Amino acid sequence: MNNTEIQSRLISWYDRNKRPMPWRDCGDPYKIWLSEIMLQQTRVDQATPYFNRFIDHFPTVHDLAAADQQEVLKVWEGLGYYSRARNLHSAAKLVVDQFDGKVPDSWDEITELKGVGPYTASAVLSIAFQKKYAVVDGNVIRVLSRYYGIEENVRETKTKNSIQEYADELIPDERPGDFNQAVMELGATVCTPSNPECGECPLQPGCVAFKTVKTDQIPYKSKKKKRPHHHIGVGIIKQPGDDKVLIALRPDDAMLGGLWEFPGGKQEPGEELPETVKRELHEELGVEVSIVKPFMKLDHAYSHFKITMHAYLCELQSGTPRPQSSQEVRWISIEKLADVPFPKANRRLTEKLMNLNKGQQELEI
DNA sequence: AACGCGGGGGA
DNA sequence: TCCCCAGCGTT
């Protein structure tokens, strides 16, 4: 197949098979930009409800720019990769202050926005402004490596560069944004990582991986190293007769930056978990606490390590909590835990606290 | 070039 | 379990 035939087959397939998405064919550069940020390392089905909620809260880039970072993170809560939200918020302010509230339509300007790299710049410029920039994401890598029979390790930069060159050659003058979306849509729904539906694929006649029966070997990826596992002790500090608990705000430049948590940290070798909690709370807050009782144990996986979190109800013995490794500490009533952003594992602790509280259950001893 | 960065779903 | 996902920023 020549490039013209590849283009027309893909566009035709896309017109017949594209899934509806709230940002698709809307023509609003702000919505398209937001969708591309949310879709970084995130599936369409996972991002969609967050997109709708986000647009409800911040319908325009002006609303987003005027918002508080805590509001933005609260709406983003649960979606992960929270630097995306912080960067998007910062970029929205730049768009309002420096670009007259309009998402820039040139490469040099749009890549000034935090969180906009080569993929996102190409996606927004092509989809929102009909500019001829070819995207290369995980889908494009899979589709093109199979189609052209590229067997090199696609985790390596030079392999990705060569796939970018194929994509640059392929993208048409007409409807470049739809072409980009067509390749990605094909990768997401037909040319899937395992068990691709080659019978449904408009590119099957020219596909090297199909013809050589190598769709299960292409794209080739080197193994990722496996994630270490840590045990984390955290303290839920609560005074008898008071319904407030102590939470801490994580630094902006840390993992989960800008979100709240119950203070705690990693168990060290030879240490019992209650000791871990006492040590961490001393280090992080400068206080002495006593352990009242175990509260909850849960497992959670992050992108690069796994944890078992052990939470204990604690009481303050001496000292006044002051932020040492966090931005801020705050006593908050249990029903208000719903109002501030927590990462997933901590959110599970707050859910149990709120449930017990609502059911008039005794939290003390 | 390598690494850090969430959470969810499918095989 | 492991892998993958409409990647980017930092080092």
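These figures come from a predicted structure and were not determined experimentally. Throughout, a chain's letter reflects where its sequence line sits, starting with A, and its residues are numbered from 1. Just the heavy atoms: all of them, side chains too, but no hydrogens, waters or symmetry mates, feed the values below.
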Stepwise side-chain hydrogen bond (donor to acceptor under 3.5 Å, both in side chains) test for A:Q40 and A:T120: CA-CA 8 Å; A:Q40 289 168 7; A:T120 306; 3.0 Å; yes
From [atom1] of [X] over to [atom2] of [N], roughly how many Å is that when rounded to an integer?
X      : N     : atom1 : atom2 : result
A:H300 : B:dG6 : NE2   : P     : 9 Å
A:N195 : C:dC3 : CG    : P     : 17 Å
A:K224 : C:dC5 : NZ    : P     : 8 Å
A:M38  : C:dC8 : CE    : P     : 16 Å
A:K160 : B:dA1 : NZ    : P     : 10 Å

Starting at the 5' end of DNA chain B, which residue's closest nucleotide do you reach first, A:P343 or A:T157? A:T157
[N] to [M] separation - [atom1] atoms, rounded to the nearest Å:
N     : M     : atom1 : result
C:dG9 : B:dG8 : C1'   : 23 Å
B:dC3 : C:dC3 : P     : 16 Å
B:dC5 : C:dC5 : C1'   : 14 Å
B:dG9 : C:dC8 : C1'   : 23 Å

Under 4.0 Å: is that the gap between some side-chain N or O of [X] and OP1 or OP2 of [N]?
X      : N     : result
A:Q46  : B:dG7 : no
A:K114 : C:dG7 : no
A:T120 : C:dC8 : yes
A:R142 : C:dC5 : yes
A:R155 : C:dC4 : yes

Same cluster or not: A:V190 versus A:I141, using hydrophobic residues (I, L, V, M, F, W, Y) connected whenever any side-chain heavy atoms lie under 4.5 Å apart? yes
Check whether more than 12 heavy atoms from other residues, nucleotides or ligands sit under 6.0 Å from atom NZ of A:K18, and answer yes or no. yes
Neighbour count above 12 (heavy atom, 6.0 Å) for A:R19 CZ: yes
What nucleic acid atoms does A:K158 come within less than 4.0 Å of, heavy atoms only: base, sugar-phosphate, or nothing? nothing
So what does A:G187 hit on the nucleic acid, given a heavy-atom distance under 4.0 Å: a base, only sugar-phosphate, or nothing? nothing
How about A:Y50 and A:W76: are their ring centroids closer than 6.0 Å? no
Determine whether the aromatic ring centres of A:H229 and A:F305 lie less than 6.0 Å apart. no
Using the 3.5 Å cut-off, write out each protein N or O paired with an N or O of nucleotides 2-5 of chain B and the distance between them.
from  : atom 1 : to     : atom 2 : distance (Å)
B:dC5 : OP2    : A:H304 : NE2    : 2.1

For the pair A:R24 and A:E185, find out whether any cationic side-chain nitrogen is under 4.0 Å from an anionic carboxylate oxygen. yes
For B:dG6, the nucleotide meeting Watson-Crick or G-U wobble distances (both under 3.5 Å) is none
